[in-house]
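Atoms within each ligand, like the ligands themselves, are counted from 1 in listed order.
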Amino acid sequence: MRHDIIVAGAGLVGCAIVRALQQAGFDAALVERGGAPRPFDPAMDDLRVYALSPASIRWLQALGVWQQVDGWREGPYQAMKVWSEEPSRALGFDAADLRLPALGSIVENQLLQWALWRQLDPARLHTGAAVEELALDEKGAQLRLADGRRLECRVLVAADGVDSRLRGMAGIDTVGWSYEQRAIVAHVQTAKPHGQVALQRFLKTGPLAFLPLGDGRSSIVWSSTEAERLLGLDDAAFLAELAGAIQYERGAITGTTARASFPLRLNHARDYVRDSFALAGDAAHSVHPLAGQGVNLGFSDAAALVSVLTETRDAGRDYGSLRCLKRYERARKAANLDMLAVTDGLSRAFDLDLPGWAPLRDLGMQAVQRLQPLKTLLARQAAGL
Ligand SMILES: Cc1cc2nc3c(=O)[nH]c(=O)nc-3n(C[C@H](O)[C@H](O)[C@H](O)COP(=O)(O)OP(=O)(O)OC[C@H]3O[C@@H](n4cnc5c(N)ncnc54)[C@H](O)[C@@H]3O)c2cc1C
């Protein structure tokens, strides 16, 4: 079977690319080794949530996807407080400073995934079999799936996640390392209301975030070198330690879901493109979750890639050529590397034991707080503006 473009991987990034390509009039298909995502069930909690930036939300609106999410359990947040030692000296970001209705919105993975999936043309979904073999040349890509199906296309987009097999099949190396921290996630109930304010505290053992959910609870992402110990605590002991770690900014923590945890890795592909081939999302880069930017970077890749492919096709040129795909790489690589460097630097800045470093670092944060233009610049960057 032949398509213009095939996207491998039905994560958020892969589904968004297919949706945008179909909207732009391409014959675009999706290959996913698993099945269709489960329909969103409001009675179920999904512990994986995303802090979507205003830029990502705008793009999802243009795809007709955000309209399916809005009004469910999506939780806009108006402000963010970031500190290390003393909450009263926190760095504060406010949507009003950027003249935005919100700094972003917290949304569950399953809800967004289902909303995206429902927008795709069912006739162009190849599910239940992984890509097993790949041949690439300057004319196109040929794929063999695990169940023997054979597919061809002008461009193959690999959005098959951080362990991307297709990246390896295309001969693209990565650089990266594992963090000693693991991220613990849960939804917790707090004595004080969150008031649509996100919190982030940098502890010596790693960053802890409280993200305000639409139903009044908070989603926590606690990246810690002590994750094993924290996961071994019973609920009461864990919640007491959590309340202390966030310095009682939300009062006592009165309830929790089960906890889950994820390993953390920095990974970056040396190249994003080959003839007839492009990487997007976590297949190209994975970042520390402390700035909540992973999927936002993936959506920015998706928007840039679809725009380059569409412009090239509309100009009557070959959108699968290396020359065209390199334009996409140039548009995204530097921005992704900047975010990788910032998040990696931040993840390390708070566990340094150098004499005099901690007070210097706190002074730096206070200086940023006082320098409104710099603060606005940082906030604009995070909002994808
Ligand atoms: C604890 C934690 C918290 C996070 N919090 C945030 C946050 O607040 N905000 C944020 O923006 N990001 C966050 N992230 C990052 C975010 O989860 C990822 O950036 C995002 O899920 C990557 O999406 P993706 O579509 O690129 O890849 P994935 O979601 O990994 O999807 C890859 C898909 O490819 C399929 N696949 C794999 N191999 C094949 C194959 N050979 N053939 C066919 N299909 C294949 C897989 O089955 C899967 O469906 C967080 C991550 C962690 C670990």
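Between D271 and R274 there is a salt bridge, since at least one side-chain N of the basic residue sits less than 4.0 Å from a carboxylate O of the acidic one. Ionic pairing of D163 and R265 is present here: one or more N-O contacts between side-chain nitrogen and carboxylate oxygen are shorter than 4.0 angstrom. Contact check on D160 versus R167 returns no salt bridge, with no Lys/Arg side-chain nitrogen under 4.0 Å from an Asp/Glu carboxylate oxygen. Salt bridge status for D27 with R124: present, with a side-chain N to carboxylate O gap under 4.0 Å. A salt bridge links R332 with D301: the distance from a Lys NZ or Arg NE/NH1/NH2 to an Asp or Glu carboxylate oxygen falls below 4.0 Å.
The shortest side-chain heavy-atom distance between I246 and L199 falls under the 4.5 Å cut-off.
Nearest protein heavy-atom contact of atom 24 (P) of ligand 1 is V13 CG2, 3.9 Å. Ranking the protein heavy atoms by distance from atom 34 (O) of ligand 1 puts G9 CA, 3.2 Å first. Given atom 9 (N) of ligand 1, the protein heavy atom at minimum distance is G292 O, 3.1 Å. The shortest contact between atom 8 (O) of ligand 1 and any protein heavy atom is with A51 N, 3.3 Å. Among all non-hydrogen protein atoms, the one lying nearest atom 12 (N) of ligand 1 is V295 N, 3.1 Å. Closest to atom 35 (C) of ligand 1, if we only count protein heavy atoms, is E32 OE1, 3.2 Å. Looking at atom 2 (C) of ligand 1, its nearest protein heavy atom turns out to be P289 CB, 4.1 Å. The shortest contact between atom 43 (C) of ligand 1 and any protein heavy atom is with R33 N, 3.4 Å.
Residue contacts with ligand 1 for A8 are absent, since no atom lies close enough (heavy atoms, distance under 4.0 Å). Looking at D282 against ligand 1, both its backbone and its side chain come within 4.0 Å, counting heavy atoms. Neither the backbone nor the side chain of L166 has any atom closer than 4.0 Å to an atom of ligand 1 (non-hydrogen atoms only). At a heavy-atom cutoff of 4.0 Å, ligand 1 is contacted by the side chain of R48 but not by its backbone. No part of A283 comes within 4.0 Å of ligand 1, judged by heavy-atom distances.
Atoms of ligand 1 lying under 4.0 Å from at least one heavy atom of L12, given by number and element, are 25 (O). For ligand 1, the atoms sitting less than 4.0 Å from at least one non-hydrogen atom of V49 are 5 (N), 6 (C), 7 (C), 8 (O), numbered in the order shown with element in parentheses. Less than 4.0 angstrom separates some heavy atom of A130 from each of these atoms of ligand 1: 40 (C), 41 (N), 42 (N). Interface atoms of ligand 1 facing G281, defined by a heavy-atom separation under 4.0 Å, are 26 (O). For ligand 1, the atoms sitting less than 4.0 Å from at least one non-hydrogen atom of N296 are 11 (O), numbered in the order shown with element in parentheses. Every atom of ligand 1 is numbered from 1 in the order shown, and the set under 4.0 Å from a heavy atom of A183 is 1 (C). Close approach of ligand 1 to V131 is summarised as follows: ligand atoms under 4.0 Å from at least one heavy atom of the residue are 40 (C), 41 (N), 42 (N).
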* To do: Take L143 and R150 through the side-chain contact (heavy atoms from CB on, under 4.5 Å) test and state the conclusion after the steps.
  => CA-CA 6 Å; L143 289 67; R150 287 181 187 278; over 6 Å; no
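Here Y179 and H288 bring their ring centres to under 6.0 angstrom of each other.
For the residue pair E86 / S88, a side-chain donor-acceptor distance below 3.5 Å is found, with atom types taken as modelled.
When all heavy atoms of A129 and L145 are compared, the closest pair comes out as CB-CB, 4.0 Å. Closest approach of C324 and D318 over heavy atoms only: CB-O, 3.8 Å.
Residue L264 places no N or O, backbone or side chain, under 3.5 Å from any N or O of ligand 1.
Using a distance-only test at 3.5 Å, with no hydrogens or angles considered, a donor-acceptor pair links the side chain of H194 to the main chain of Q196.
Within the 4.0 Å heavy-atom cutoff, A159 counts among the residues contacting ligand 1. Distances from ligand 1 to the non-hydrogen atoms of V287 include no value under 4.0 Å.
Partners of R317 under the salt bridge (charged side-chain N to carboxylate O under 4.0 Å, His left out) rule, at least two apart in sequence or in another chain, do not exist in this structure.
Counting only non-hydrogen atoms, the option in Y50, F262, W222 that gets closest to atom 13 (C) of ligand 1 is Y50.
Aromatic ring pairs are classed by plane angle as parallel below 30°, tilted from 30° to 60° and perpendicular above 60°; the pair F26 and Y319 is perpendicular.
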